[in-house]
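Data block below; observations after.
Numbered from 1 within each chain, the chains take letters A, B, ... in sequence-line order.
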2 protein chains.
Amino acid sequence: MSVTLADVAARAGVSAATVSRVLNGNYPVAGSTRSRVLRAVDELEYVVNGPASALAAASSDLVGVLVNDIADPFFGIMASAVQSEIGPGPDGAGHKMAIVCNTGGLPERELTYLTLLQRQRAAGVVLTGGAVEDPGHAEALGARLRRLEAAGAQVVLCGRPPLPEPGPLTVTFDNRGGARRLTEHLLSLGHRRLGYLAGPAGRTTTRHRLEGHREALSAAGLAGDAERLTVQGAYDRAAGYDGALELLRRDPGLTAILAANDTVALGVCAALRDRGLRIPEDVSVTGFDDLPFAVDATPALTTVRLPLHDAAARAGRLVLGRETPPPGGVTTFPTELMARQSTAAPGR
Amino acid sequence: MSVTLADVAARAGVSAATVSRVLNGNYPVAGSTRSRVLRAVDELEYVVNGPASALAAASSDLVGVLVNDIADPFFGIMASAVQSEIGPGPDGAGHKMAIVCNTGGLPERELTYLTLLQRQRAAGVVLTGGAVEDPGHAEALGARLRRLEAAGAQVVLCGRPPLPEPGPLTVTFDNRGGARRLTEHLLSLGHRRLGYLAGPAGRTTTRHRLEGHREALSAAGLAGDAERLTVQGAYDRAAGYDGALELLRRDPGLTAILAANDTVALGVCAALRDRGLRIPEDVSVTGFDDLPFAVDATPALTTVRLPLHDAAARAGRLVLGRETPPPGGVTTFPTELMARQSTAAPGR
DNA sequence: CTGTTAGCGCTTTCAG
DNA sequence: CTGAAAGCGCTAACAG
């Protein structure tokens with residue numbers, strides 16, 4: 001049915017081994033032979049059988065990218081950056097392919113996909129997004145990752161904290177520091193009653209951001225109310241909407257609300273508007289991540305920029321072994337406060 | 001090195017064939033044998049060698065998904081929907097994996113990826129997003145798709161117009177009708193001087209939306225100015241910003257601007273605000289697609305909703321052969337006008 | 001219901 | 001620099 005290496009070899013009048021060598025370019029072949037083979041490939045429209053060569057060579061050109069939700073630009077940007085590093089270059093050469101796996105944030109799904117990737121004999125795996133902090137899952141995950149590495153796959157964590165040594169290569173963000181500076185910004189504007197909408201419980205990202213916030217609060221002697229003015233919720237708009245209303249119920253005199261991320265912040269803004277509260281005159285609002293839409297919110301959202309693209313691109317290079325990791329294997333990217341119009345001195 | 005089928009067979013005291021049958025569940029096996037095998041699999045932590053089985057069975061469980069830009073929620077939503085249909089179910093069973101390929105809208109990249117997918121012996125391919133209308137590329141693309149189908153892959157187009165019969169299965173949107181209704185909405189509000197920011201030239205989506213717009217204009221006897229009040233640009237925010245300024249230059253008395261999509265509309269809004277123009281009092285603005293952020297724009301964006309998720313989910317089912325296609329193989333999804341606050345009667 | 005036997009298409013020593 | 005031959009790990013008839 002399909003045309004094979006042998007067909008090409010026959011047509012070019014050489015052995016299959018030679019064709020293989022030409023195609024892989026990893027062995028000296030005479031120029032004339034080479035062009036004869038290439039012509040045959042062309043004429044026959046030959047396309048390598050990936051599974052066959054993966055089997056024979058015990059290696060594939062697939063790289064897994066695990067994300068919570070590919071429809072969320074936060075993950076889309078990272079997936080895109082990984083792809084741009086590993087995919088076909090401008091010259092069409094050097095092509096690994098990314099298998100994007102949507103875990104939906106479910107631990108079991110994460111494990112399932114890791115097994116599936118091992119089954120594909122993936123050359124590497126990039127795990128993006130915050131990790132679930134359940135100890136049982138952490139252990140199961142660690143075991144899967146070790147197996148993958150034992151099978152020869154390069155594992156890179158991107159946007160989550162490093163695992164205990166000797167863990168996989170890691171590229172992470174200073175979420176804690178970003179959150180701290182964000183809260184300090186609000187405090188320096190004069191806010192004293194700050195509501196905090198945390199992300200889902202049991203996730204490292206949630207915890208680190210919350211810790212940064214509390215650090216700043218404590219330093220200002222404002223730790224007392226922190227617990228009461230913190231509401232947990234999902235990383236989505238609805239959580240922001242509902243959460244903002246709940247915070248207002250707990251303290252109608254709130255002058256600022258910090259959201260777990262930009263998407264949540266959009267929900268907060270909507271709730272505030274529906275309540276007839278002005279931003280930032282009545283209540284200041286902040287996001288986190290600095291996704292592209294943050295600057296287009298009205299008013300433009302004060303937030304913390306994560307270098308998502310750069311970090312994921314680096315993860316892509318690391319997973320291919322195209323960049324040497326720092327000693328310890330952990331790279332932490334700084335985060336940057338983006339002060340815009342959704343925050344101002346309290347007016348009420 | 002790695003544990004193989006034979007190891008499992010030896011451990012369970014059966015033949016490799018039996019193990020294979022248990023694992024694939026496509027052949028009767030005695031209950032006791034079955035559990036013995038499963039236990040051996042477990043004890044040995046055996047993971048099937050995907051490439052090997054793909055080679056032997058001449059079929060893989062990979063499905064390609066081509067997108068222009070995975071960082072754009074428009075494509076993220078579709079990729080996510082395809083994934084949710086083909087990926088591991090809640091039970092962890094029935095797992096195909098999606099290879100997401102970022103073409104960046106480049107025709108050559110599209111062809112490259114198609115070849116790479118054929119090399120992987122992908123079970124199917126979903127091509128999302130508008131097609132490039134260059135005849136040379138259309139032909140090359142058609143050839144690649146035919147080869148893929150000849151190799152046994154199921155091809156599904158999602159969000160682009162059907163190819164000439166007998167083309168691949170297609171799921172598409174009524175872009176033209178949506179654009180028409182959108183323009184009619186503006187006309188019925190009383191607008192007579194409408195600027196149009198079209199997407200990149202040479203793409204079907206751009207053309208269909210523009211055609212719908214012109215249809216409505218012609219029906220209202222307003223076709224005369226259409227040409228002059230149309231500006232082409234990319235599908236991004238910057239194009240919206242620059243395009244809006246250009247339109248205003250061409251006709252300072254414009255009362256409405258229709259953007260190629262929601263992202264472009266955001267750029268338009270920013271430009272208008274920078275110019276001190278109010279939306280919708282001075283200028284009405286519309287988007288297209290109804291991405292999640294459209295409702296959060298201020299004012300909330302009037303746009304046309306595309307059922308991205310439903311359409312892509314259907315594409316996912318079609319590519320797996322889990323849903324029987326309609327006669328002719330083409331499904332057209334209707335689009336819906338979402339009239340919100342960014343449009344109103346002209347006030348100037 | 002289970003085992004035996006050939007390959008699937010490619011890579012890779014090992015000779016020449 | 002090129003060819004011959006031996007698998008890689010699994011599946012799928014074909015017999016029992």
Separation of atom [atom1] in [X] from atom [atom2] in [N], rounded to whole Å:
X: A:L23; N: C:dT12; atom1: CG; atom2: C1'; result: 15 Å
X: A:L5; N: C:dG7; atom1: CG; atom2: P; result: 19 Å
X: B:D61; N: D:dC10; atom1: CG; atom2: P; result: 14 Å
X: A:Q120; N: D:dC10; atom1: CD; atom2: P; result: 13 Å
X: B:R34; N: C:dT2; atom1: CZ; atom2: P; result: 11 Å

[N] phosphate, OP1 or OP2, under 4.0 Å from [X] side-chain N/O:
X: B:S15; N: C:dT4; result: no
X: B:T18; N: C:dG3; result: yes
X: B:S53; N: D:dC10; result: no
X: A:T4; N: C:dG9; result: no
X: B:T33; N: C:dT2; result: yes
X: B:N24; N: D:dT11; result: yes

Inset, instruction - Please work out if B:A30 contacts a base, only the sugar-phosphate, or nothing of the nucleic acid, heavy-atom cut-off 4.0 Å. - result: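 Contact class for B:A30: sugar-phosphate only.
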Legend entry - Most 5' of B:A56 and B:R36 on DNA chain C, judged by nearest nucleotide: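 Final value for this comparison: B:R36.
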Are any side-chain N or O atoms of [X] and backbone N or O atoms of [Y], one a donor and one an acceptor, separated by less than 3.5 Å?
X: B:T103; Y: B:V67; value: yes
X: A:D72; Y: A:F74; value: yes
X: A:D69; Y: A:G104; value: no

Legend entry - Short side-chain donor-acceptor distance under 3.5 Å, B:T172 and B:R160: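 B:T172 and B:R160 do not have a side-chain donor-acceptor pair below 3.5 Å.
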Legend entry - No-hydrogen, no-angle side-chain donor-acceptor test under 3.5 Å, A:E110 and A:H137: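 There is such a pair between these side chains.
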Legend entry - Salt bridge A:E85-A:R322, side-chain N to carboxylate O under 4.0 Å: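 Looking at A:E85 and A:R322, the cut-off is met.
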Inset, instruction - Estimate the overall bend of the helix from C:dC1-D:dG16 to C:dG16-D:dC1 from the end axes over five pairs each, rounded to 10 degrees. - result: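 Computed angle between terminal axes is 30°.
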Nearest-neighbour nucleotide for the [X] side chain, [options] considered:
X: B:N49; options: C:dC10, D:dG9, C:dT11; result: D:dG9
X: B:N26; options: D:dT2, C:dC8, D:dA12; result: D:dA12
X: B:Y27; options: D:dT2, C:dT2, C:dT12; result: C:dT2
X: B:V14; options: C:dG9, C:dG3, C:dT12; result: C:dG3

Legend entry - 5' priority, DNA chain D, between A:R21 and B:L55 [closest heavy atom]: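 Of the two residues, A:R21 wins.
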Inset, instruction - Given salt bridge (charged side-chain N to carboxylate O under 4.0 Å, His left out), test A:E133 with A:R203 step by step and report yes or no. - result: CA-CA 5 Å; A:E133 294 203 291; A:R203 318 198 115 255; over 6 Å; no
